[in-house]
Amino acid sequence: MKHSAGNALGIYISIPFCRTKCTYCNFASGVFPASDHARYVERVIADLAGAQAWAGSVGAELPRRVDTVYLGGGTPSLLAPELVARIFAAVRAEFDLDADAEVTMECAPGQLTDATLGAMTAAGVNRVSLGVQSFVDREAHASGRLHSRAVVEEDLRRLRAAGIANLNVDLIAGLAGQTLASWEESLAALVASEVPHASVYMLEVDEDSRLGREMLKGGARYRAGLVPNEDAIAQMYERAIERLDAAGLRQYEISNCSRLGLESRHNLRYWERRPYLGVGLDASSMLLSDPTLAVRRGSGQGLDEDGDLPRFSQRARKGWGTQDSILRATTTDDLATYLAGTGAMETEWLGPARQHEEAWFLGLRTNAGVNAAALRAEFGEELVEPALEAVERLAQDELLVFEGERARLTARGRLISNEVFQEFLRPETAEAKRG
Ligand code: SF4
């Protein structure tokens with residue numbers, strides 16, 4: 001993880017409530033009664049209040065200074081105004097939020113009341129990500145979304161009138177019934193909306209979603225037979241990047257394009273390996289941590305399955321600074337468990353070798369790419385050299401370019417990025433992922 005004394009924290013808060021379940025979705029989100037919303041927010045507030053104590057127990061450093069907050073889901077805009085206000089009051093009570101912090105909230109078109117919008121602006125939300133997916137009404141409806149293009153346009157107008165101009169629109173390439181012509185229609189509408197940021201995802205259907213099950217077993221309810229094939233989806237994606245670039249929205253990450261200076265600061269921190277705290281259902285944290293401290297503080301965490309300190313922390317004692325250990329922690333994905341407050345946090349410490357792998361596949365997601373000299377300085381020659389052999393192979397296959405110590409994916413590399421990233425995994429990590 002990139003670290004410096006002045007590291008600020010990002011906070012991600014997951015709000016797992018949706019009005020309907022989209023056909024392709026397999027996130028830990030669902031349709032739950034409003035009474036659960038209030039109970040859930042209570043838990044989130046309790047977790048924010050307990051975050052410093054928890055971090056101390058696992059030997060992690062949790063900066064008080066926060067420069068990005070992201071409320072994602074799910075559909076955070078479904079929360080009642082007082083719940084939005086309470087969440088942000090808790091963030092401000094427990095942390096020092098920078099005056100110019102980026103504060104994002106995900107909203108579903110047509111699912112944002114004036115009262116909730118008022119609470120958002122009062123709480124300092126200054127960026128909104130709108131889950132549009134398609135501006136073509138029949139496609140949006142077929143995938144379980146409730147809005148129309150007119151509703152999206154009206155929401156963008158309301159958000160701007162409320163003073164929120166930093167707006168993102170999400171689109172998905174590959175929805176059932178989508179064609180190259182209808183995709184062009186969505187792209188034209190996005191460009192006409194003049195939002196400064198767009199995220200474009202290639203549909204990956206999870207077999208456990210309703211659409212995924214229908215694709216495997218047959219049926220017509222979710223129009224699985226009308227999902228475009230992989231080549232068509234790739235063509236849509238490439239066309240989107242080209243069309244958005246022509247409109248001044250430059251690609252800066254595999255799925256993200258923006259006007260210069262309006263990149264998502266929160267999402268950049270994931271790819272640039274800066275610390276974040278995840279609160280709520282199925283949320284992850286990445287923090288600087290020393291597992292030896294976790295053991296000394298008696299949390300029972302920090303030891304491997306044989307009851308020993310992980311190998312890398314032995315090494316830490318011989319010269320690696322304690323900052324060379326990173327803690328990844330993930331909360332439960334079961335709502336009842338989360339509401340009951342009984343879910344144990346899953347924790348895992350990453351030593352230099354794992355961090356180095358992540359540095360490659362997170363960094364390569366960005367158009368800025370990975371600076372091999374910086375990685376040598378951070379991790380040493382021994383770890384970086386084998387990765388540079390992978391870089392050479394990938395450059396020969398034109399999936400990546402390597403110039404002046406900087407490796408970047410090519411357009412083709414971005415299309416099959418997951419396969420490219422495999423090349424940077426050590427055999428033991430690849431094995432663990434398969435297992
Ligand atoms: S709105 Fe998002 S989280 Fe909710 S069901 Fe649809 S895709 Fe899933």
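If you read the sequence from its start, that first residue is 1, and numbering goes on from there. Remember, it's a predicted structure, so these values are computed and weren't measured experimentally. Both counts, for ligands and for their atoms, begin at 1 and track the order of listing.
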### Message
Parallel, tilted or perpendicular, judged at 30° and 60°: which one describes the rings of F17 and H37?
### Response
parallel
Near T20 (heavy-atom distance under 4.0 Å), the atoms of ligand 1 are 5 (S)
re atom 8 (Fe) of ligand 1, the protein heavy-atom contact at minimum distance is C25 SG, 2.3 Å
The closest protein heavy-atom partner of atom 6 (Fe) of ligand 1 is C22 SG, 2.4 Å
Do the ring planes of F361 and F421 sit parallel (below 30°), tilted (30 to 60°) or perpendicular (above 60°)?
tilted
Nearest non-hydrogen protein atom to atom 2 (Fe) of ligand 1, with distance, is R145 NH1, 4.1 Å
Checklist entry - Would you say the side-chain atoms of R269 and T68 include a donor-acceptor pair closer than 3.5 Å? => result yes
Exactly one candidate in H266, E106, E102 meets side chain to side chain donor-acceptor pair (under 3.5 Å) with Y70; the answer is E106
Tested for salt bridge (Lys or Arg N to Asp or Glu O under 4.0 Å) against E358, the lone hit among R426, R365, R328, R273 is R328
Would you say C18 reaches atom 8 (Fe) of ligand 1 with an N/O/S atom under 2.8 Å?
no
Atoms of ligand 1 under 4.0 Å from any heavy atom of F27, numbered from 1 in the order shown, are 3 (S)
For G74, the ligand 1 atoms with a heavy-atom partner under 4.0 Å come out as 3 (S)
Any G131 heavy atom less than 4.0 Å from ligand 1: no
Taken to the nearest 0.5 Å, the spacing of T332 OG1 from L339 CG works out to 10.0 Å
